[in-house]
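Structure first, then comments.
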Protein chains: 2
Amino acid sequence: MHNRCMIDPRLITLRVFARCGTVGATAELTGYSPSAVSAQLRELQRVLGLQLLTKDGRGVRLTATGRFLVAGSDALIAEWESLRAAAMEAGDQVQSRFGLGGFSTAAAQLLAPLAATLRSTRPLLEVQVLEANPARCFDLLVAERIDLAVIVAMQSDTYAEDDQRFEQTVLLDDPLDVIIPADHPLASRETVTLEELASEPWITEAAGSTYHALFTAAFTAVGVTPRIAHEAVEWETQIAFVGAGLGVGLLPRLAPLHTAENVVRLRITGKGKPTRRIVAAVRRGSIASPLIQESLGILQIRANRILSSRPEDDL
Amino acid sequence: MHNRCMIDPRLITLRVFARCGTVGATAELTGYSPSAVSAQLRELQRVLGLQLLTKDGRGVRLTATGRFLVAGSDALIAEWESLRAAAMEAGDQVQSRFGLGGFSTAAAQLLAPLAATLRSTRPLLEVQVLEANPARCFDLLVAERIDLAVIVAMQSDTYAEDDQRFEQTVLLDDPLDVIIPADHPLASRETVTLEELASEPWITEAAGSTYHALFTAAFTAVGVTPRIAHEAVEWETQIAFVGAGLGVGLLPRLAPLHTAENVVRLRITGKGKPTRRIVAAVRRGSIASPLIQESLGILQIRANRILSSRPEDDL
DNA sequence: ATAACCATGCACAATAGATGCATGATTGAT
DNA sequence: ATCAATCATGCATCTATTGTGCATGGTTAT
């Protein structure tokens with residue numbers, strides 16, 4: 001589906017460049033080589049007769065004209081997506097490719113079933129799933145490598161909800177639980193508040209990561225500055241750290257705890273009740289596409305099933 | 001300028017096909033070979049996963065989906081033209097190609113000076129002029145072979161003024177004069193009415209031509225059905241026919257009479273005062289482009305100069 | 001000063017895309 | 001009813017575009 005765009009691929013490349021700022025990163029995202037990206041951007045300028053890039057130190061940056069073109073192209077892309085969606089609605093579309101992107105747990109719990117369902121209902125459809133963090137998912141959407149992304153929306157989101165390029169649909173609010181060692185004084189409790197855990201040594205992800213932002217946001221809400229004792233990238237690692245008694249951590253409800261030993265999961269109560277919002281994002285205009293609509297439906301059903309399997313008080 | 005479009009050239013080809021209905025004609029208009037057009041359309045369908053064409057007799061015709069896509073693409077094209085125009089306004093554009101199209105006298109009197117002026121003010125600009133009749137000019141605009149056309153607007157215009165694809169600017173209303181043999185009883189008059197010439201044998205262009213429509217429109221306005229004695233394609237031929245005493249004819253004020261012998265030109269008065277309206281047409285959205293703006297300005301100046309060189313009563 | 005980084009140019013390779021002719025299918029004319 | 005004309009398409013071929021990999025030159029950080 002995303003392959004072979006009706007808009008000049010060089011413009012797409014320019015748009016990706018506008019997002020990541022370097023030729024190398026653009027190459028990585030688009031799947032081209034750096035030389036190809038360089039050549040494409042040069043060609044684009046030649047064809048339009050406009051200077052879009054300027055040398056800037058050891059890199060290049062967009063000129064005012066370049067920024068203008070990129071900004072204006074949002075509407076153009078959306079217009080095309082919208083047209084394609086409507087055309088696909090009119091005459092049913094036979095075959096194409098469909099790229100999905102998502103983040104770890106989301107990918108596992110939502111994207112995998114979606115891909116499986118699509119594969120069976122639409123055998124001719126070439127479904128591809130890419131695991132990527134939210135920021136990269138947006139990049140991949142712009143680069144047209146994927147057509148739908150399931151991502152974790154954050155309060156301090158660099159990609160505003162009303163971004164001209166995307167349309168987002170809330171799938172599910174996933175609460176964060178606390179995981180503590182089984183021999184911890186609070187381990188026998190059903191629920192805790194963040195204040196009760198303020199003095200604990202915390203295990204979190206590296207600063208700048210998706211969940212670190214959620215972590216700090218949760219604690220600033222209750223006015224506490226927790227002590228970060230350790231950092232882990234994978235949930236498994238974090239759980240293991242907690243199991244080893246190194247500290248406590250936050251774990252999304254969706255993340256399974258099955259391999260954990262000596263670790264207890266507790267619901268959080270009180271005003272600082274952190275949740276991560278899981279949303280589906282598509283390129284603006286493409287939301288009317290029957291393929292997207294079907295996918296969103298499947299995702300929504302899956303999300304509702306997850307919600308309904310939980311105790312009421314968690315909703 | 002028109003070369004190398006940002007919108008997939010195959011979509012442009014489809015749009016041209018939608019206008020002319022056959023692969024062969026599309027090939028002629030776009031400058032491709034028939035095989036290339038065929039292959040492009042096939043590719044387009046493959047890429048979109050949509051069936052856009054159906055076999056119809058010995059030709060092909062658009063499916064409902066195809067018509068839908070073409071209709072919807074108007075907005076997309078306009079959006080791009082608009083964006084390009086704005087970008088060119090923002091950062092001045094260095095070099096490109098610029099295609100002009102126009103019809104005989106219009107081309108000679110308006111387009112040639114325009115091309116000459118542009119050539120001197122913008123040496124880097126590659127200006128190309130194509131002589132073509134109005135209908136073909138619109139086709140060439142859609143095919144992106146030309147960017148601006150000077151054409152004769154007609155009452156019974158197949159291309160409505162509010163066509164989604166184009167934007168038109170009135171340049172000049174060019175009145176039609178009567179040419180009669182020098183030895184004709186009315187030859188000494190300054191002006192005549194159409195009624196006075198109702199019984200004359202008329203020389204006009206072939207039915208279906210640009211000027212035949214103007215001709216009939218003028219006479220239906222005064223409620224007279226003239227007798228068409230002869231048909232001529234070129235003005236020169238028509239003038240020669242009149243000079244040979246075969247009949248009378250209509251000649252636009254802009255068309256020169258310099259080579260004529262035994263032919264007199266008379267102003268037409270009365271309610272049936274036929275004029276041809278000369279307008280500039282561009283693809284919708286592109287009108288904001290500095291190049292287009294400059295061109296329209298030059299054309300307007302030229303048109304005003306022509307008007308001001310005429311007696312007041314002709315305006 | 002050296003190393004790392006970034007973009008670009010060039011030679012080469014792969015691929016897409018156009019051409020021209022031949023073919024098959026359909027319509028209209030003799 | 002046959003023949004010619006028209007139209008689209010497939011195929012072999014060629015060309016031009018486009019991408020890759022490596023080398024180069026300029027720029028920043030250590």
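We name chains A, B, ... by the order of the sequence lines, and we start the count at 1 in each one.
A donor-acceptor contact under 3.5 Å links the side chain of B:Ser35 to the base of C:dG20. Taking 3.5 Å as the limit, the base of C:dG9 and the side chain of A:Ser38 contain no donor-acceptor pair of atoms between them.
Between the side chains of A:Thr13 and A:Gln40, at least one donor N or O lies within less than 3.5 Å of an accepting N or O. In the model, A:Ser73 has a side-chain atom that pairs as donor or acceptor with a side-chain atom of A:Arg15 under 3.5 Å.
In this structure, B:Arg42 reaches the D:dG10 phosphate: one of its side-chain N or O atoms is under 4.0 Å from OP1 or OP2. Phosphate contact (OP1/OP2 of C:dA16, side-chain N/O of B:Gln40, threshold under 4.0 Å): absent.
The distance from atom CZ of B:Arg10 to atom C1' of C:dG17 is 10 Å, rounded to the nearest whole Å. When the P atom of C:dA7 is taken as reference, atom CG of A:Leu62 falls 12 Å away, rounded to whole Å. Rounded to whole Å, atom C1' of D:dT17 lies 12 Å from atom OH of A:Tyr32. Atom P of nucleotide D:dC7 and atom CD of B:Glu28 are separated by 12 Å, given to the nearest angstrom. With rounding to whole Å, B:Leu41 atom CG is found 14 Å from D:dC7 atom C1'. Distance B:Glu43 CD to D:dT9 P: 13 Å, rounded to the nearest Å. Between the CG atom of B:Leu44 and the C1' atom of C:dA18 there is a distance of 17 Å, given to the nearest Å. Taking atom NZ of residue A:Lys55 and atom P of nucleotide D:dT27, one finds them 7 Å apart after rounding to whole Å.
At a threshold of 4.0 angstrom between heavy atoms, the contacts of A:Thr22 are confined to the sugar-phosphate backbone, with no base atom among them.
Looking at the side chain of B:Arg58, the nearest of the listed nucleotides C:dC5, D:dT6, C:dT8 is D:dT6. In this structure, the nucleotide among C:dT19, C:dA7, D:dT20 sitting nearest to the side chain of A:Ala36 is D:dT20.
Judged by closest nucleotide on DNA chain D, A:Pro34 is the one of A:Pro34 and A:Asp56 placed further toward the 5' end.
Considering every non-hydrogen atom in both B:Ala75 and A:Glu79, the closest pair reads CB-OE2, 3.4 Å. Smallest separation of non-hydrogen atoms from A:Ala85 and A:Ser286: CB-O, 4.2 Å. Contact record, B:Thr30 with B:Ala143: CG2-CB, 4.3 Å, taken as the closest heavy-atom pair.
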